[in-house]
Amino acid sequence: MDREERYRLVARNTAEVVTEEELDSLLDRDPTIYIGYAPTGEMHIGHFTTIRKLADFLQAGLEVKVLIADLHAHLDDEKSPFDLLDARSAYYREAIAGMVGAAGAEPGEIEFIQGREIELSAEYSLDLLRMAADTTIARTRRAGSEVVRQSENPTLGGLLYPLLQSLDVAALEADIAYGGIDQRGIYMLSREVLPEHGYNAPVCLFAPLLSGLTGGKMSASEAGSGIDLTDDSEAVEEKIAGAYCPQGEVTNNGVLEYLQYLIFPILEERGEPFAISRPEEYGGDVTYEDYAALEADFRTEELHPQDLKAAAATYIDEAIAPIRNRFADRPDLLAEAYPEKYD
RNA sequence: CCGCGCUUAGCUCAGCCUGGCAGAGCAGCCGACUGUAGAUCGGCUUGUCCCCCGUUCAAAUCGGGGAGUGCGGACCA
């Protein structure tokens with residue numbers, strides 16, 4: 001694979017690359033890219049779109065590491081009780097492996113690392129304290145404002161969070177930090193502070209955050225705002241049917257975004273088109289080879305939201321089915337990770 | 001250790017002084033209108049009033065005890 005194609009694969013469907021020049025020069029070799037997930041709430045389709053890109057990274061020859069940031073999950077306002085960190089970590093691993101597989105890649109090619117494996121060494125602790133000494137509270141609050149739960153009386157844990165995440169980059173020896181664009185503040189801090197402590201500033205790659213199905217940003221706390229990986233076919237249909245989706249409007253349109261960032265890349269991997277069945281009255285069946293063509297038809301109102309939704313629901317349901325099935329075989333993983341819900 | 005504040009619907013809170021059917025806004029749900037959704041209009045739902053004991057015909061409200069949470073003071077070898 002030539003270098004240009006590798007760059008295209010790595011950078012496609014991202015919200016921002018910091019910086020493009022730095023990323024390009026990294027492709028002299030096979031760099032290491034990492035993404036961290038704090039095992040808190042159940043995983044959803046938003047996670048799936050960021051994880052799907054891991055398939056792009058693998059295909060481009062990058063070394064891919066996934067950090068299960070268990071301590072982060074507890075440091076951030078105790079989103080996960082300490083006693084549930086192991087169970088939720090196990091659940092996250094299984095879900096992530098399932099998503100990588102569903103994206104058409106080999107989960108075995110991904111290296112999983114547990115936060116506590118790297119975050120409790122004497123060296124890491126010393127670096128953390130030294131960073132704490134020269135980082136202001138205002139700076140770390142700003143860095144974590146989009147990620148760490150905000151409250152009137154924040155705990156120290158939430159303030160340390162961005163510093164730990166920065167040191168994770170160093171401890172994992174990652175060249176590239178990958179994550180949702182909400183992570184931007186933290187990694188900008190990393191780029192600032194890591195070099196002051198003898199480490200390289202990471203190149204950053206940010207995935208877009210998808211719009212919620214009810215309009216506005218997707219919110220994990222709002223049911224119906226996003227598709228859960230454990231949603232059954234009926235729930236997927238209902239949520240897509242109820243989605244905010246103005247005719248001809250492509251901005252803030254969760255349905256289109258799911259297709260662009262998740263469904264079309266998966267179909268492309270398989271070499272299949274996106275097929276919409278439609279009453280003759282409205283133009284009859286139609287298929288799209290790429291997302292741009294579909295978006296163009298939607299924009300010109302050639303393609304009506306109702307026809308789009310029906311097809312989108314089918315494809316999305318099919319995409320999450322493998323993950324759903326994985327957990328149907330392992331109900332214990334969910335039950336132990338979220339005992340209050342699955343009792 | 002001492003003092004003060006707070007705890008009421010999914011969320012933000014009012015009500016407490018002066019006891020009398022538990023409320024508002026937002027959210028949510030259901031209809032109407034749209035070949036989807038939203039917007040708009042119409043309608044509807046939602047409660048361990050933190051817990052226990054007491055006073056009272058009657059307690060979210062008053063008294064006592066407790067819990068959780070937050071703030072302040074003191075202590076600072």
Side-chain angles (χ1 to χ4, degrees), chain A residues 40-42 44-46 49 74-84 137 141 145-146 148-160 209-228 230-264 274-288 291 293-320 338-343:
Chain A
T40 53
E42 287 188 59
H44 50 75
I45 197 166
T49 62
H74 189 62
L75 280 175
D76 184 3
D77 199 35
E78 302 182 278
K79 281 180 180 171
S80 288
F82 194 79
D83 289 344
L84 288 181
I137 290 176
R141 279 194 61 171
S145 62
E146 291 294 312
V148 177
R149 183 176 286 166
Q150 301 295 302
S151 78
E152 206 172 327
N153 299 288
T155 63
L156 215 45
L159 294 173
L160 287 175
L209 296 190
L210 302 194
S211 299
L213 291 176
T214 51
K217 285 185 178 176
M218 188 163 91
S219 161
S221 53
E222 187 189 342
S225 158
I227 306 284
D228 296 320
T230 47
D231 280 345
D232 59 24
S233 303
E234 195 183 341
V236 173
E237 271 176 45
E238 279 177 12
K239 286 181 180 182
I240 296 297
Y244 172 80
C245 188
Q247 184 164 17
E249 266 185 44
V250 300
T251 56
N252 237 334
N253 189 321
V255 178
L256 285 179
E257 290 174 22
Y258 288 3
L259 298 184
Q260 177 179 10
Y261 295 110
L262 185 65
I263 301 303
F264 270 93
F274 185 81
I276 295 177
S277 58
R278 188 167 56 174
E280 282 304 323
E281 174 189 358
Y282 298 122
D285 297 354
V286 61
T287 64
Y288 294 98
Y291 172 74
L294 180 145
E295 187 188 292
D297 268 5
F298 189 81
R299 200 186 284 273
T300 60
E301 304 190 0
E302 190 68 32
L303 178 59
H304 189 276
Q306 194 170 327
D307 299 319
L308 173 75
K309 282 182 170 181
T314 303
Y315 279 97
I316 290 168
D317 181 53
E318 188 201 341
I320 66 168
Y338 305 99
E340 68 291 338
K341 176 177 173 189
Y342 290 95
D343 251 358

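Letters A, B, ... mirror the listed sequences (proteins, then strands); counts begin at 1.
Scanning for salt bridge (Lys or Arg N to Asp or Glu O under 4.0 Å) contacts around A/D231 gives A/K239, with sequence neighbours left out. Residues satisfying the side-chain contact (heavy atoms from CB on, under 4.5 Å) test with A/E301, not counting sequence neighbours, are A/Q247. Applying the side-chain contact (heavy atoms from CB on, under 4.5 Å) test to A/E237 and every residue at least two apart in sequence or in another chain returns A/A313. Under the rule for a salt bridge (Lys or Arg N to Asp or Glu O under 4.0 Å), A/E257 has no partner lying at least two apart in sequence or in another chain. For the side-chain contact (heavy atoms from CB on, under 4.5 Å) test, residues two or more places apart in sequence or in another chain that qualify with A/F82 are A/L71, A/H74, A/L85, A/R116. Listed by chain and number, the residues in a salt bridge (Lys or Arg N to Asp or Glu O under 4.0 Å) with A/E238 amount to none (sequence neighbours excluded). With sequence neighbours excluded, the residues that form a salt bridge (Lys or Arg N to Asp or Glu O under 4.0 Å) with A/D317 are A/R324.
Only A/H304, A/P305, A/Q306, A/D307, A/K309, listed by number, bring a heavy atom of residues 303-313 of chain A to less than 4.0 angstrom from any atom of RNA chain B.
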Would you tabulate the nitrogen or oxygen pairs shorter than 3.5 Å linking the protein to nucleotides 38-42 of chain B?
none

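Going from atom CG of A/L256 over to atom P of B/rU36 covers 17 Å, rounded to whole Å. Put simply, CG on A/L259 is 19 Å from P on B/rU36, counting in whole angstrom units. Spacing between atom OH of A/Y282 and atom C1' of B/rG35 amounts to 4 Å, rounded to whole angstrom units. Taking atom CD on A/E238 and atom C1' on B/rG28, their separation rounds to 15 Å, with Å as the unit.
Nucleotides B/rU45 and B/rG31, compared at atom P, are 16 Å apart to the nearest Å. Comparing the P positions of B/rU55 and B/rU46 gives an interatomic distance of 33 Å, to the nearest angstrom. The separation of B/rC6 from B/rG63, taken at their P atoms, amounts to 13 Å, rounded to a whole angstrom. To the nearest whole angstrom, the two P atoms, one in B/rC13 and one in B/rU8, are 9 Å apart. Across the C1' atoms, B/rU40 and B/rC49 are found 35 Å apart, a figure rounded to whole Å. With both ends at atom C1', the span from B/rU34 to B/rC44 equals 22 Å, rounded to whole Å. Annotation: B/rC33 and B/rG42 have their P atoms spaced 16 Å apart (nearest Å). With both ends at atom P, the span from B/rC62 to B/rC1 equals 28 Å, rounded to whole Å.
The pairing partner recorded for B/rG5 is B/rU69, the criterion being a Watson-Crick or G-U wobble arrangement whose two distances lie under 3.5 angstrom. B/rC13 is paired with B/rG23 under the Watson-Crick or G-U wobble criterion, all donor-acceptor distances under 3.5 Å. Both distances falling under 3.5 Å, in either a Watson-Crick or a G-U wobble arrangement, occur for no nucleotide opposite B/rC33.
Across all strands shown, A/E281 has no heavy atoms under 4.0 Å from either base or sugar-phosphate atoms.
Side-chain atoms of A/D228 do not come within 3.5 Å of backbone N or O of A/E42 as any donor-acceptor pair. No donor-acceptor pair under 3.5 Å is formed between the side chain of A/Y258 and the backbone N or O of A/I45.
Sparse packing is recorded around CZ of A/R141, with 12 or fewer heavy atoms of other residues, nucleotides or ligands lying under 6.0 Å away.
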